[in-house]
Amino acid sequence: MWQTFRATFRRNYLTMHRAYPWSFFIGNILSAAYTVLFAYLTYNYVFLGQMETRFADFAGTGDYISYVVLGGTVYSLAVSMLMIVSRALITELREGSLEALLLTPSSRKGYFLGTGMQGLMRVGIEFSVMILIGWFLGLNLTHINGLAAFIVLSITIGSFFAQALVLGSVMLYFRDTYITQNTLFIVMAFVSGVTFPTQYLPGWLQPLSMMMPLNYGLQAFRRSVIEGSGLWASRSELASLIVLSLIYFAIGVWAIQVTEKRVVEKIFD
């Protein structure tokens, strides 16, 4: 597994460094920056810095700028991780190397872990840039619990990895990336509390938010950054996040195996 991990990590790093070192990076930064900037301008120049009392009750804070900055930042991280891991196999298909990959005895765990860990390098830079942009716009970091925030973010990234396995198998099965991934991203942004608490959603939509790891990760991360709370304060969200991650991981591993078998059968048809 580790040999496959190292080879995949090195190949993807060289590809990113030589072929397209800035395109995805800048695109994801701009997308998240637009989300945060739009919320900032709306809050200050449309609502004149006023929020209804229910917002603080639902969000657990009256600091809307910090709420939205953290939402946009973690959402950008989610999109990046999902794209990096989920597009791996279908990229192999488009480049003509999928058949060779599937017919070799290389470890699938090592392959996806290598893809995900290499992607974390770029994601880490994106995350740092977005936090810096948010700080200039008014993100309050005075009460942050650094250790709790780091642990929550690590668990959340793991949940995105598990979700990406499911997304990747769906994209490979239907031979589609654009419609599949963008549909998921739009739904995630709307129902996961990125720019507003999920309690504002219609009742029939709220159960959908419970299926999104981003929802629980955002709640716990905001609590540790804005309020400075420890892990115990977010135990309910973390427990839900871990359970949901295990479910996605189990479904993703099974779906990848089924999809790979279908692809190999088509090769020899």
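No hydrogens, no waters, no symmetry mates; every other heavy atom, side chains included, goes into these values.
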Completion exercise
Here the pair of heavy atoms bringing S245 nearest to S159 is OG-CB, 2.9 Å
Handout entry: Any donor-acceptor pair under 3.5 Å from S76 side chain to G72 backbone
Key = no
Problem - hydrophobic_cluster_shared for I242 and F249, side chain cutoff 4.5 Å - result: yes
Exercise for the section: Could you tell me whether a side-chain N or O of T73 sits under 3.5 Å from a main-chain N or O of L70, the two making a donor and an acceptor? Expected result: no
Exercise for the section: Say whether, by atom type as modelled, one donor and one acceptor occur between the side chain of S224 and the main chain of F221 under 3.5 angstrom. Expected result: yes
Practice task
Could you check F58, F190, F55 and say which one makes a ring pair (Phe, Tyr, Trp, His ring centres under 6.0 Å) with Y200?
Solution key: F58
Exercise for the section: Following the transitive rule for hydrophobic clusters with a side-chain heavy-atom cut-off under 4.5 Å over Ile, Leu, Val, Met, Phe, Trp and Tyr, establish whether L37 and F136 coincide in one cluster. Expected result: yes
Completion exercise
Of all heavy-atom pairs linking I84 and V123, the shortest is CD1-CG2, 3.9 Å
Handout entry: Passing option when M212 is tested against T198, L244, L184 for side chain to side chain contact (heavy atoms under 4.5 Å, CB included)
Key = L184
Handout entry: Hydrophobic cluster membership, L205 vs V187, 4.5 Å side-chain cutoff
Key = yes
Problem - Residue pair L218 / V194: nearest heavy atoms and the distance that separates them - result: CD1-CA, 4.0 Å
Exercise for the section: For S169 and A255, work out which heavy atoms get closest and say how close. Expected result: OG-CB, 3.2 Å
Problem - CZ/F185: more than 12 non-hydrogen atoms of other groups inside 6.0 Å - result: yes
Exercise for the section: For Q3, look at atom CD and say whether over 12 heavy atoms of other residues, nucleotides or ligands are found less than 6.0 Å away. Expected result: no
Problem - Side chains of T142 and N140, donor plus acceptor under 3.5 Å - result: yes
Exercise for the section: Evaluate the side-chain proximity of L214 to F160: yes if any heavy-atom separation is below 4.5 Å, no if none is. Expected result: yes
Practice task
For side-chain contact (heavy atoms from CB on, under 4.5 Å), just list the numbers for L141 and V225, CA-CA rounded to whole Å, side-chain angles, deciding distance to a tenth of an Å, and then say yes or no.
Solution key: CA-CA 7 Å; L141 298 174; V225 174; 3.8 Å; yes
Problem - Side chain proximity check, M188 to N215, heavy atoms < 4.5 angstrom - result: no
Fill in the blank from the handout: Smallest heavy-atom separation, Q163 atom then P213 atom, equals OE1-CD, 3.7 Å
Exercise for the section: Name all residues meeting the side-chain hydrogen bond (donor to acceptor under 3.5 Å, both in side chains) criterion together with Q181; count only those two or more places apart in sequence or in a different chain, and write none if there are none. Expected result: R87
Practice task
Could you please spell out the steps behind the side-chain contact (heavy atoms from CB on, under 4.5 Å) verdict for I256 and L89?
Solution key: CA-CA 10 Å; I256 287 290; L89 288 182; 3.9 Å; yes
Exercise for the section: Output the distance between atom OG (S236) and atom CG (L241), rounded to the nearest 0.5 Å. Expected result: 11.0 Å
Exercise for the section: State whether the side chain of T61 and the backbone N or O of D63 hold a donor-acceptor pair below 3.5 Å, judged by distance alone. Expected result: yes
Handout entry: Straight-line distance of L147 CG to L231 CG, nearest 0.5 Å
Key = 6.5 Å
Completion exercise
Between G217 and T156, the two heavy atoms sitting closest are CA-OG1, 3.5 Å
Handout entry: Heavy-atom side-chain proximity of Y67 to P197 below 4.5 angstrom
Key = yes
Practice task
Can you measure from CG (L120) to OG1 (T115) and round to the nearest 0.5 angstrom?
Solution key: 11.5 Å
Problem - Atom pair CG (L238) and CD1 (I151), whose distance is rounded to the nearest 0.5 Å - result: 9.0 Å
Exercise for the section: Output the distance between atom CZ (F127) and atom CG (L132), rounded to the nearest 0.5 Å. Expected result: 12.0 Å
Problem - Cluster overlap I186 with M81, hydrophobic side-chain contacts below 4.5 Å - result: no
Exercise for the section: Dump the intermediate steps for side-chain contact (heavy atoms from CB on, under 4.5 Å) on N44 and I65, then the final yes or no. Expected result: CA-CA 10 Å; N44 284 284; I65 296 300; 4.2 Å; yes
Practice task
Give a yes or no answer on whether the side chain of Y75 reaches the backbone of G193 with a donor-acceptor pair at less than 3.5 Å.
Solution key: no
Practice task
Identify whether I144 and V129 are in the same connected component of the hydrophobic contact network (ILVMFWY, side-chain heavy atoms under 4.5 Å).
Solution key: yes
Problem - Y248 side chain reached by L165 side chain, heavy atoms, under 4.5 Å - result: no
Practice task
Start with the C-alpha distance between V68 and L137, add both sets of side-chain angles, then the distance that settles side-chain contact (heavy atoms from CB on, under 4.5 Å), and finish with yes or no.
Solution key: CA-CA 11 Å; V68 173; L137 292 176; over 6 Å; no
Problem - CZ-CE distance between R6 and M117, expressed to the nearest 0.5 angstrom - result: 14.0 Å
